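Indexing begins at 1, ligand by ligand and atom by atom, following the structure's order. One-based numbering along the sequence shown. Fair warning: this is a prediction, and the values are worked out from it, not measured in the lab.
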Amino acid sequence: MAEQKDKGFNALGRSLSSTEPALALEIGGGCRAMVEVRVLVINTGGTIGMVPQSEGLAPEANKLAAALRKIPILHDAVYAKETDLYCRSGLRDDTLVLPLSEQNKRIIYTILELSPLLDSSNMTPAEWDDIAKHLQANYEKYDGFVILHGTDTMAYTASALSFMCENLGKTIVLTGSQVPIYELRNDGRSNLLGALLFAGQFVIPEVCLYFYNKLYRGNRVTKVDTESFNAFSSPNLPPLANAEVDITINWETVWRASTTRKFEIHTNMNSNVGLLRIFPGITAAAVKAFLQSPMEGVVLETYGSGNAPNNRPDLLDELKKATDRNVVILNCTQCLRGTVSLVYATGKTLMDAGVIPGADMTPEAALAKLSYVLSKPGLTLAEKRQMLNENLRGEMTVVPIRTQITLKDSKFIQEIARYLFISCKEELAAIRDALTPPLACVAAKNGDLEALKALQNMGGNLSCGDYDGRTPLHVACCEGNLEVVRHLLESGATVYAKDRLGATPLMNAIKFRHNDVISLLRTTGAHLSSQELLNVGTELCSLAFNGDVDGLSAWQMAGVNLKQPGYDGNTPFHVAKAAGHARVVQYLKTFAA
Ligand code: ASP
């Protein structure tokens with residue numbers, strides 16, 4: 001697997017001191033400009049924020065933000081004061097800021113505490129709905145999201161949210177800890193810091209789980225240890241990223257929605273679902289009782305590669321009767337690692353009874369998937385069964401039927417490798433990863449769809465930025481090539497990518513007034529970042545002063561309110577009127593009424 005290294009960024013303490021951002025700001029034009037990003041932390045409870053009470057550890061409300069404020073690696077008090085963090089418009093007083101990261105980003109994070117805070121053993125699908133609704137309500141206001149959660153049911157919540165968040169384009173990271181953050185030795189600080197850095201600095205558009213220096217796909221994990229800081233395992237999928245001395249992100253593994261649809265949430269999951277673990281000697285009566293109405297979907301946890309006894313007609317009869325009553329049964333293995341397959345006759349018997357093979361899904365993911373699919377309105381049972389067979393969010397491994405073109409097949413890469421005397425797979429992959437961003441940007445500039453497809457077929461990641469952080473989508477948006485923009489979006493390119501100066505593809509499309517591109521980006525959920533919106537009033541006034549209706553209409557299409565005043569308090573309407581631009585006045589009357 002090819003890996004891309006984001007060198008020079010350390011999750012644990014290689015960030016700059018609070019005196020350095022001022023330097024970065026002062027010399028920002030000529031050097032690396034500092035970019036502020038916003039992360040919302042939704043605190044649901046869990047050990048990370050627990051304190052000892054008479055009955056044992058329990059969460060305590062309204063304590064976390066104040067405690068974090070005193071921890072220098074989690075809050076840069078000097079920067080907060082210098083930049084008047086709390087008085088800045090739109091920022092809540094439970095907002096904190098991390099020290100400047102080596103990638104020159106300032107992560108400003110706001111803590112939203114749910115009430116009551118829960119031990120995750122007390123969580124239910126009602127709390128999942130609650131979290132999802134907060135994600136939706138705040139989706140456009142933040143660049144990424146962290147969810148603080150107890151470890152006991154974190155894998156269930158992560159799995160559920162992965163399905164509930166449809167067409168996700170931003171990073172959501174669940175984390176927590178084994179020891180409360182208030183204790184001297186704890187894993188909460190590093191877990192929270194790592195989660196914030198991933199959510200704020202990388203567009204990994206998945207519901208992830210960060211624990212003990214690893215970023216996992218949320219619907220692939222399971223809690224495996226109650227005593228170690230290394231509490232989670234992702235047995236069937238390597239981590240999406242490792243935060244060691246360097247951050248290594250396995251971009252090839254990152255799941256992308258690959259759609260031009262906007263983010264939305266699905267709530268009210270079906271609760272008539274359950275997990276049934278078979279064991280030697282399980283009675284038909286127990287199975288029958290479990291499968292009784294109102295049960296609609298069951299994850300059957302079977303032996304080894306999906307086997308159940310085929311010498312027990314009483315048991316198979318109960319399963320068959322249930323599937324005939326339209327109860328959906330999904331077959332998952334009890335083994336930590338591996339997949340359900342049809343190697344054994346004992347597994348085939350279950351298929352014959354109408355049980356659906358669940359590949360290598362964890363029981364947590366399988367349960368969440370069942371609950372999600374069964375609650376989808378307007379689908380026939382056949383369509384729901386089909387959906388369960390499909391890989392919806394990277395929750396299972398499907399072996400591709402079509403043979404992929406591999407790196408070895410690329411003449412171009414082979415030629416380069418020959419000149420560089422390179423032959424091993426890893427080095428070839430490294431060349432591909434180094435060459436993909438500039439080549440893809442050129443292809444996007446030239447509107448060369450074939451070249452883009454060829455790069456994709458080699459496994460090149462079309463979401464990666466070039467030396468300037470500009471992705472092929474940025475370039476295509478500047479050029480206004482709608483076909484290329486659509487292709488990139490449908491191939492998983494993110495509308496939330498920011499270049500070195502913090503500009504998004506939407507901002508590029510506005511600048512070059514490509515209204516059809518703006519409209520497509522907006523459909524996909526693109527919006528301007530808080531940094532991009534900072535001086536928008538003044539920009540609008542300047543367009544009004546110049547009589548530039550096209551420029552104003554591009555901003556309007558991007559969802560900007562044209563009534564915003566400039567630095568001196570005058571609105572674009574006032575400015576156009578004073579400058580005598582009748583067309584602009586007329587336009588603003590219609591669109592900024
Ligand atoms: N019981 C706790 C919870 O799940 C355990 C933890 O957070 O580690 O909320």
* Asked: Is the closest N or O pair between H149 and ligand 1 shorter than 3.5 Å?
  -> no

* **Mode of S177 contact toward ligand 1 - side chain, backbone, both, neither (heavy atoms, under 4.0 Å)** => backbone

* Please indicate whether any nitrogen or oxygen in K223 is less than 3.5 Å from any nitrogen or oxygen in ligand 1. => no

* Is ligand 1 less than 4.0 angstrom away from at least one heavy atom of G45? -> no

* Asked: Which residue supplies the protein heavy atom nearest to atom 8 (O) of ligand 1, what is that atom called, and how far is it?
  -> T151 OG1, 2.5 Å

* **For atom 4 (O) of ligand 1, the protein heavy atom that lies nearest, with its residue and separation** => S120 OG, 2.5 Å

* For ligand 1, find out whether one of its N or O atoms is nearer than 3.5 Å to an N or O atom of D152. => yes

* K170/D143 ion pair, N-O < 4.0 Å -> no

* Between F145 and H134, does the ring centroid distance fall short of 6.0 Å? -> no

* Asked: Under a 4.0 Å N-O cut-off, is there an ion pair linking K369 with E395?
  -> yes

* Would a distance-only check, ignoring hydrogens and angles, find a side-chain to backbone donor-acceptor pair under 3.5 Å from D129 to N268? -> yes

* **SB check D360 R337 (cutoff 4.0 Å)** => no

* Would you check if the distance from the ring center of Y210 to the ring center of F198 is below 6.0 Å? => yes

* So is there a nitrogen or oxygen of T47 less than 3.5 Å from a nitrogen or oxygen in ligand 1? -> yes

* Looking only at side chains, do N270 and S371 share a donor and an acceptor under 3.5 Å apart? -> no

* Structure fact -> Numbered in order shown, the ligand 1 atoms found under 4.0 Å of a heavy atom of G46 are 7 (O), 9 (O)

